[in-house]
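Okay, so here's the structure we're looking at.
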Amino acid sequence: MFLPAALLAASAHAAPEYSIKAGYILLFTRYVEWPARAFATPGAPIVVCVVGADPFGSVLDATLVGQLSQRRPLSVRRVPDADATQDCHVAFIGTKGAERPSSEQTRQWLDVLAERPVLTITETIESLQLGSMLTFVEEGVGDQSRIRFDANLPPMHRAGLSASSQMLLAARKIHRATSDEL
Amino acid sequence: MNAATVPLQAVIAIQLIAAVSSARADVIIRNPTFEQLARITVTSVTGTARPQFTSPAAAYVLTAEELSYVGVRNIPDGLRYAPGMQVSQLQAARWSIATRGFNTIAVDKLLVLIDGRSVYTPLWSGVYWEQHAWLDQDLERVEVINGPAGSVWGANAMNGVVNILSRSARDTQGTALTVGTGTEEEAFGSFRHGGTAGENAWYRAYLDYSRQDDTELGNGQPTGDAWDMARIGFRYDREDEAQRIFFKAEGQSGEFDEPGVIPSPTPPYEERPPRGYNRGGFVQGVWSRRLPDASELSVSAWYERLDRRLQPTDEQSNTFDIGVRYLTQLGGAHTIAAGALYRYVEHETTSTFQLSFLPPAHTLHQWSAYLQDEIKLGERFGATVGVRVEDNPFTGNEWQPDLRLSWSITDHQLLWAALGRAVRTPTIADESRIFINQVLPPGSLGIDSPPIIRAILGDTTLDSEELIAWQLGWRARWQDDAMLSASVFYNDYDRLILYQPLPLDTATLAPDFWVLPLAPVNGGTAHSHGAELAGMWQAAARWRLFGEVSYLDLHVEPPDLLLATNLAGSTAQVQASLRSNLELGNDWEIGIGLRYVDELPALNVDSYVEAEVRVAKALSDNVKLALVGRNLWEARHAEFRSASFPIDSYIERSVHLALSWRR
């Protein structure tokens with residue numbers, strides 16, 4: 001502390017939580033492989049859905065729109081629940097905020113999603129046990145807190161998704177056992 | 001925060017996109033990699049970087065966004081919402097701004113920096129606020145540190161530091177235009193254009209203009225203190241893995257109506273002052289190199305030219321400043337910052353009858369060196385030990401040590417304590433001033449007396465004013481939606497410069513004048529104690545509340561020296577403020593500010609409540625219209641009175657309209 005702030009300010013070292021999470025979601029769309037059947041056409045977009053309450057505001061759109069992942073454009077959609085996720089390739093469930101779904105609700109949504117090749121992302125460790133594939137975790141003390149993610153491989157494999165080794169290297173923890181043993 | 005590691009982190013392409021449709025600046029991370037994302041720290045409350053959370057100091061941040069939300073157009077009005085900061089506007093272009101007391105006509109115990117460049121005048125170590133007042137359209141934030149910070153910032157950071165930071169050119173791409181008009185803010189406008197200058201390099205060019213109407217006299221007439229100021233500038237930033245370069249140049253020119261009368265040697269012994277001006281500019285460059293062993297070396301330099309005539313001074317100065325800083329880590333636990341600074345000042349005054357300096361010109365060489373060690377003691381404890389030695393032309397070497405301890409009770413609570421010594425060194429004015437306050441007509445002291453000059457003199461034997469400061473603070477936050485910060489302090493001042501009447505001098509200027517002189521002496525001591533409490537609450541996703549309250553009790557001894565009772569009685573004991581920032585729908589922003597300032601008994605200024613309201617609507621993605629009402633509570637109110645400027649001026653209620661467009 002206490003160094004001239006001009007020095008500190010010149011370097012971007014901190015960002016709001018959901019800006020960082022949006023950055024991760026962009027990367028996930030680049031390092032996760034979907035089965036070909038997940039897309040109608042070779043150039044069809046990867047559709048990122050926010051299920052339920054949206055904690056991102058405009059940040060997710062601003063981060064993804066205009067970007068390409070695996071030669072596909074990205075689009076963001078907000079859907080009220082898992083029943084409206086037919087076209088989604090990524091489903092983010094905000095399990096942290098004030099408007100988060102109950103864990104029963106989350107489990108039900110994840111169960112519905114598990115039947116299709118949809119990458120599911122949540123924000124609490126507990127939701128890995130409910131069948132989520134990826135979850136964001138906060139690491140560190142006080143102001144030095146950072147965002148990492150845990151990967152849960154069994155549900156990914158069941159859905160026909162695979163994550164590249166580069167992505168798994170970045171994970172804080174990789175769960176290879178079935179979710180019952182977590 | 002662990003400051004040293006920050007500049008060492010890989011540069012991450014974060015772009016601040018200030019969406020016009022919502023005042024919130026969305027941070028968008030461009031082209032991330034997993035490695036980079038895992039290194040970014042999460043900003044707390046309200047999506048703005050608040051590095052002060054773990055600082056063992058009474059530090060607060062006002063972001064540009066928060067300030068614009070309540071319609072603030074200048075830095076002094078913004079500082080009114082900083083805990084413990086006392087802002088008193090004397091006239092349209094004059095402010096007295098102090099923290100933790102000593103709120104005089106010439107506040108000389110507060111250090112102000114803009115992008116790391118010190119802007120206090122070498123003449124008397126105060127700040128010419130008219131020059132720095134207007135909010136830079138690309139301001140990033142204002143940091144306020146209450147309490148001494150001499151070991152890091154140098155002499156005169158005695159009661160606090162105000163750190164004004166503008167955005168990197170990287171974050172100000174595109175074109176932005178604002179125009180506006182109002183009852184007091186008669187006309188203002190600003191233009192900026194930013195673009196890229198090759199790989200990892202960005203620039204912006206900008207200009208702005210503001211014209212401010214008169215304040216009002218007691219009798220309802222205009223004070224005659226209207227003014228305007230134009231600025232033009234350029235900033236360049238380059239940043240890659242290995243180095244960071246920052247360059248800034250700016251010029252300003254302002255014209256000032258001068259109210260009232262000044263003393264004159266001939267009957268009626270007073271006259272109208274000439275029109276004032278403030279012209280000048282600066283160039284500034286910083287180069288930082290990241291070294292492979294996780295260290296950083298930076299060199300910064302700036303040059304400033306100032307040509308200013310504003311009552312009572314007429315001065316020209318050239319200041320050149322160069323500094324080096326080295327940051328490194330020793331073992332896992334020590335973060336070392338070491339540096340040295342050299343400053344060269346050429347200062348010249350043009351004597352007037354009212355104010356002259358003997359000699360009229362000065363060349364000053366000042367150097368200082370500092371060493372600071374930030375020690376991590378386990379997971380939850382930290383200590384910062386720092387010392388600065390400064391050599392100045394007036395008192396020689398000055399040592400300013402500082403010790404700070406911090407304890408993270410939990411991840412969300414911090415307790416800190418600090419003990420430090422700070423000095424305020426005498427200045428050109430303290431040493432060589434002859435200030436004629438008033439000329440009493442002939443016969444004032446008996447039938448035969450010639451006109452009598454009341455003069456304030458300087459003294460070359462003055463010593464530095466000294467402060468030992470004890471501080472204790474606590475900070476807590478709850479999730480991402482609430483934060484509370486409290487600090488208490490006890491300040492013990494010694495060798496304060498107060499004024500002593502000397503015997504009537506019937507010889508020096510006889511037979512034309514007799515002189516009633518006042519001379520400065522290091523004869524004062526003072527004790528102050530107080531507390532500051534500040535909080536922030538994200539009441540809903542798009543509604544934020546800020547509040548602060550401060551208390552200060554200052555006693556200056558001995559009361560028979562002039563200025564002693566005045567210093568204590570011109571300090572507000574209690575101040576408080578509340579702000580609300582609310583977004584409605586996609587297009588509306590509503591900001592409300594409310595503040596209370598206690599009475600200033602020595603200045604015959606009553607306590608007052610004032611309010612600000614701003615309503616803004618996005619007319620399209622690129623255009624925003626804002627209607628701002630300022631000082632709405634009362635038709636007018638007084639904030640400061642001084643025998644040196646015996647003009648009873650009042651700040652009026654005002655309204656202004658601003659239209660901004662960006663692309």
Side-chain angles (χ1 to χ4, degrees), chain A residues 1-28 30-31 53-67 96-99 136 138-149 164 166-172, chain B residues 1-4 6-7 9 11-12 14 17 19 22 26-29 32-35 37-44 47 49 51 53-57 113 115-116 140 143 149 152-153 163 165 168 237 239 244 246 286 288 298 325 327 337 372 374 379-380 384 386 404 408 411-412 414 480:
Chain A
M1 95 109 211
F2 244 74
L3 296 164
L7 268 178
L8 302 181
S11 164
H13 53 87
E17 177 178 349
Y18 284 95
S19 301
I20 302 171
K21 288 181 175 173
Y24 272 114
I25 291 176
L26 172 63
L27 289 176
F28 295 152
R30 291 181 177 167
Y31 289 92
D54 173 18
F56 286 99
S58 59
V59 170
L60 187 62
D61 304 68
T63 305
L64 300 185
V65 169
Q67 300 285 323
K96 211 182 141 194
E99 297 169 75
F136 289 116
E138 208 166 326
E139 245 191 1
V141 181
D143 243 23
Q144 297 299 302
S145 114
R146 294 176 170 83
I147 306 288
R148 305 280 306 272
F149 67 94
S164 78
Q166 248 175 303
M167 173 172 150
L168 294 179
L169 272 176
R172 186 196 67 135
Chain B
M1 68 183 299
N2 189 355
V6 168
Q9 283 175 357
V11 182
I12 294 153
I14 291 183
I17 297 182
S22 86
D26 282 341
V27 176
I28 308 302
I29 301 173
T33 66
F34 281 117
E35 196 198 3
L37 290 176
R39 274 197 223 169
I40 306 180
T41 54
V42 180
T43 50
S44 52
F53 186 79
T54 55
S55 303
L113 299 133
D115 291 323
E140 175 161 311
E143 298 180 350
V152 177
W153 306 96
N163 220 332
L165 297 162
S168 162
D237 287 87
E239 193 168 331
R244 197 165 65 229
F246 151 68
V286 180
S288 313
S298 56
R325 162 186 292 276
L327 276 177
Q372 178 182 283
E374 195 183 325
E379 271 295 298
R380 302 209 165 266
T384 307
R404 286 166 195 268
S408 302
D411 289 357
H412 301 287
L414 179 92
D480 274 349

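Quick note on labels: first sequence line is chain A, next is B, and so on, each numbered from 1.
Looking only at heavy-atom pairs under 4.5 Å with chain B, the residue among A/Arg148, A/Gln67, A/Met167, A/Arg172 that has the most is A/Met167.
In this structure A/Arg30 satisfies the salt bridge (charged side-chain N to carboxylate O under 4.0 Å, His left out) test with no other residue, sequence neighbours excluded. Listed by chain and number, the residues in a side-chain contact (heavy atoms from CB on, under 4.5 Å) with B/Pro32 are A/Leu26, A/Leu27, B/Ile29, B/Leu37 (sequence neighbours excluded).
In terms of heavy atoms, B/Phe34 sits closest to A/Gln166 at CD1-O, 4.4 Å.
When heavy atoms are compared at a cutoff of 4.5 Å, A/Tyr31 approaches chain B solely by way of its side chain, counted from C-beta outward.
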